[in-house]
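Quick notes on the structure that follows.
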Amino acid sequence: MTPTPTDRAADLREQLNYHNYRYFVLNDPAISDPEYDALLAELEQIEAEHPELITPDSPTLRAGSDLQPEFRKVRHPRLIGSLSKAFTEDEIRAWRERIGKLLPPDVRLDYTLEPKLDGLSVVLTYEGGLLTLGATRGDGITGDDVTPNVRTIPSVPLRIPVHPDGPRPPARLVVRGEVFYPLAAFARLNEAQRAADLPEFINPRNAASGALKNKDPRETARRPLKVFVYSIVDVDGEVPPTQWDQLQFLKALGFLEPAEMARFDDLEALIAVIPEWTARRPRLDYEIDGLVIKVNDLRLWEELGVVGNKNPRAAIAYKFPAEEATTKLLDVKFSIGRTGVLKPGGVLEPVFVGGTTITNVMLHNFDQIAEKDIRIGDTVIVKRAGDVIPYIEGPVPEERDGSERVVEVPAMCPFSGDPVIRPEGMVDYFCSNPYCPERVFRSLEFFASRGALDIEGLGTQTVKQLMDAGLVRDEADIFSLTLDDLLPLERFARKKAENLLAGIEAARHRPLDRVLTALGIEGVGEIMAGTLAGHFGSIETLARATVDDLLQIEGVGPTIAEGIVAWFAEPFHQQLIAKLKAAGVRLEAEQGAPVAVGDSLAGKTFVLTGTLPTLSREEAAALIKAHGGKVAGSVSKKTDYVLAGENAGSKLTKAEELGVPVIDEAGLRQMIESA
DNA sequence: CACCCTCGAGTTCC
DNA sequence: CTCGAGGGTG
């Protein structure tokens, strides 16, 4: 007797989901591809005739369906945190010491070791065994709902159990995994892109990200993405109490996992296998940037808590040493900064390091170039510090053929032709002309930049354009620009000109400390400007201050005091101040501006790191200052609190080392309110 | 005088 | 993020 379409469809779904699991997760197909395709075709046929029979776990959805306009934001059931990092084996041991102090002295720990995939975190929700939601990590609190795209990824079970004898899933299960683009497939993808004369993808991570966030799930379906699932975020029901057993449990449920997970009773034994990982890394079909070490007993996770409300103490990510590459140093070019300092910069044959192509490196100073004996034409080793800023580790002298040239300090400034000088006892060289056009350009650029007056619409290009047109020679000229000045300029339509003028208008009313910073007085940056503004209240008062007056201020020594007095003694600067005043730029502190709202944070020094959920860095600093606290730039023993947000970096590590308390934004607000 | 702490300045890629 | 230099402290 023939089954009803309803029964047949259910049967087909079950078979297809099982064979899909055999193929993509176990890599052990039980039927041939044509047989699979025949089953799929039959189900498609039934669904076409009876659309009401389409279920959320139907394998036909793997092909992707209609366009969806915007991704819905979804809130994660709990914070999807990140991990503190360790860069050396000793930092792993230090981590063990730190958590040891928080636990009873006789606790024996065991650990899991998992590869740290360089992909995208996703959060998958199963209700009654059915995949109901797939979301990106986002900021850890909310992410994008990319369910239709996630459904197209074959290694993600649409329904659990994946086969009739499989374990039953908890009533509700939220898991975390990593989406990645397998390397072999990535190589083929770029080959195809090249052949079609299309731009290549920079790295597998970008390709995976683009595919997962594609607005058309059918596009996503064409990409051979995979998802490794490695932890349980939230659950209604019984799950094993250790990380290791949860990994086995997830595997049994039908999730894909890297085969290389391991468990260790001894941290030293774990550390001992790190070199094996370094060796194994190039042979894997996915990119990893480190290893994740977790305390196996999940009941201890609660006890160990989180740092900065973000990073669980019970786990740490060991990051592989900065990736390095060799390339040729083609040339050394020179730049002049706003202070007149001459900096050498290396031009490299483009080289791919740590996920991006590097063509320029900063060479800090000439002493260092000489010490490392870096020559133009050399083959050099390039690394990226903290995975961001590239630098030249050193030359490979064996590669030399005799054509290399030693880097000479230029005798003349490449921009103004004036002599280059090196002040007594200084490492840096300077252009001797204080009005060197490049230096003036850099000063103006800085004047308008964020951090200084923050003039919207006035970036590097525009500054250059206005200088070339002869409209702006000094900082004050900016304030006399008119619509008639701007409209004749290239690429200046009415809208853009109006925006710039509005930006300039807004800059007339910046706080005094911003103006002081913007002037570029030697030794006066953001912090010192704030101190001086608070102390003197106006530029005119500051201009009349003597060296002795200035020396009374904490943080001001003879060098800075004399520098300030000398700056205001310069007739050109006096004229500049007069022009700024005439142009309506506020040169006094706001009436009662720095009013303290409270003193709940008095005497406390804070250091900010990472991105906070609602406050910007500036807002957070302002909030702290308004309540009597101080904000410093780096963590030391004198730091009272480190205010950490998303993507907190080395400062957080430092805080942990020094035992400085770490708080988050909510913690800060609490300190303020409870006082 | 030797140290540590802070600040300032310049810069990579996208 | 890094370096160099100024300022302050023991």
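Letters A, B, ... are given to chains in the order of the sequence lines, protein chains preceding strands, and every chain is numbered from 1.
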Comparing A:E526 with A:T359, nearest DNA chain B nucleotide closer to 5' gives the residue A:E526
What's the closest nucleotide to the side chain of A:Q368 if the choices are C:dG7, B:dA9, C:dG4? C:dG4
Does the side chain of A:T339 get closer than 4.0 angstrom to OP1 or OP2 of B:dG10 through an N or O atom? yes
For the residue pair A:F366 and A:F334, categorise the inter-ring angle as parallel (less than 30°), tilted (30 to 60°) or perpendicular (more than 60°). parallel
Taking the six-membered ring for Trp, are A:Y435 and A:F572 parallel (under 30°), tilted (30 to 60°) or perpendicular (over 60°)? perpendicular
Write down the distance between NZ (A:K383) and P (C:dC1), rounded to a whole number of angstrom. 17 Å
Just the rounded figure in Å: distance from C1' of C:dA5 to CE of A:M528. 13 Å
Please tabulate, one pair per line, all N/O donor-acceptor pairs under 3.5 Å involving side-chain atoms of residues 458-467 of chain A, not counting sequence neighbours.
residue: A:T460; atom: OG1; partner: A:E445; partner atom: OE2; Å: 2.5
residue: A:Q465; atom: NE2; partner: A:E490; partner atom: O; Å: 2.7

Between A:Y391 (OH) and B:dT12 (C1'), how many Å, whole number? 13 Å
Would you indicate what A:N365 reaches in the nucleic acid, counting non-hydrogen atoms under 4.0 angstrom: base, sugar-phosphate, or nothing? sugar-phosphate
Picking from C:dG7, B:dG8, B:dG10, which would you name as closest to the side chain of A:V341? B:dG10
Euclidean distance, atom CE of residue A:M426 to atom C1' of B:dA9 [Å, nearest integer]: 12 Å
Rounded to whole angstroms, how far apart are CD1 on A:I527 and C1' on B:dC5? 13 Å
Whole angstrom value for the distance that separates P of C:dG7 from CG of A:L551: 9 Å
With a 4.0 Å limit, can you tell me whether A:T357 has a side-chain N or O closer than that to the phosphate oxygens OP1/OP2 of B:dC13? no
Residue A:I560, side-chain heavy atoms: nucleotide from B:dT11, C:dG6, C:dC3 that is nearest: C:dG6
With respect to the side chain of A:S335, which nucleotide from B:dC13, B:dG10, B:dT11 is positioned closest? B:dT11
Which whole-number value in Å describes the distance from A:I369 CD1 to C:dC3 C1'? 14 Å
Can you tell me the distance, in whole Å, between the CD1 atom of A:I564 and the C1' atom of C:dG6? 12 Å
Heavy atoms only, 4.0 Å cut-off, all strands: where does A:G523 land among base, sugar-phosphate and nothing? sugar-phosphate
Per nearest nucleotide of DNA chain B, the residue lying toward the 5' end, A:N360 or A:K343, is A:K343
Shortest non-hydrogen contact between A:G557 and A:L551, atoms and distance: C-CD2, 3.4 Å
Can we say A:R422 and A:D367 salt-bridge, meaning some charged N sits less than 4.0 Å from an Asp/Glu carboxylate O? yes
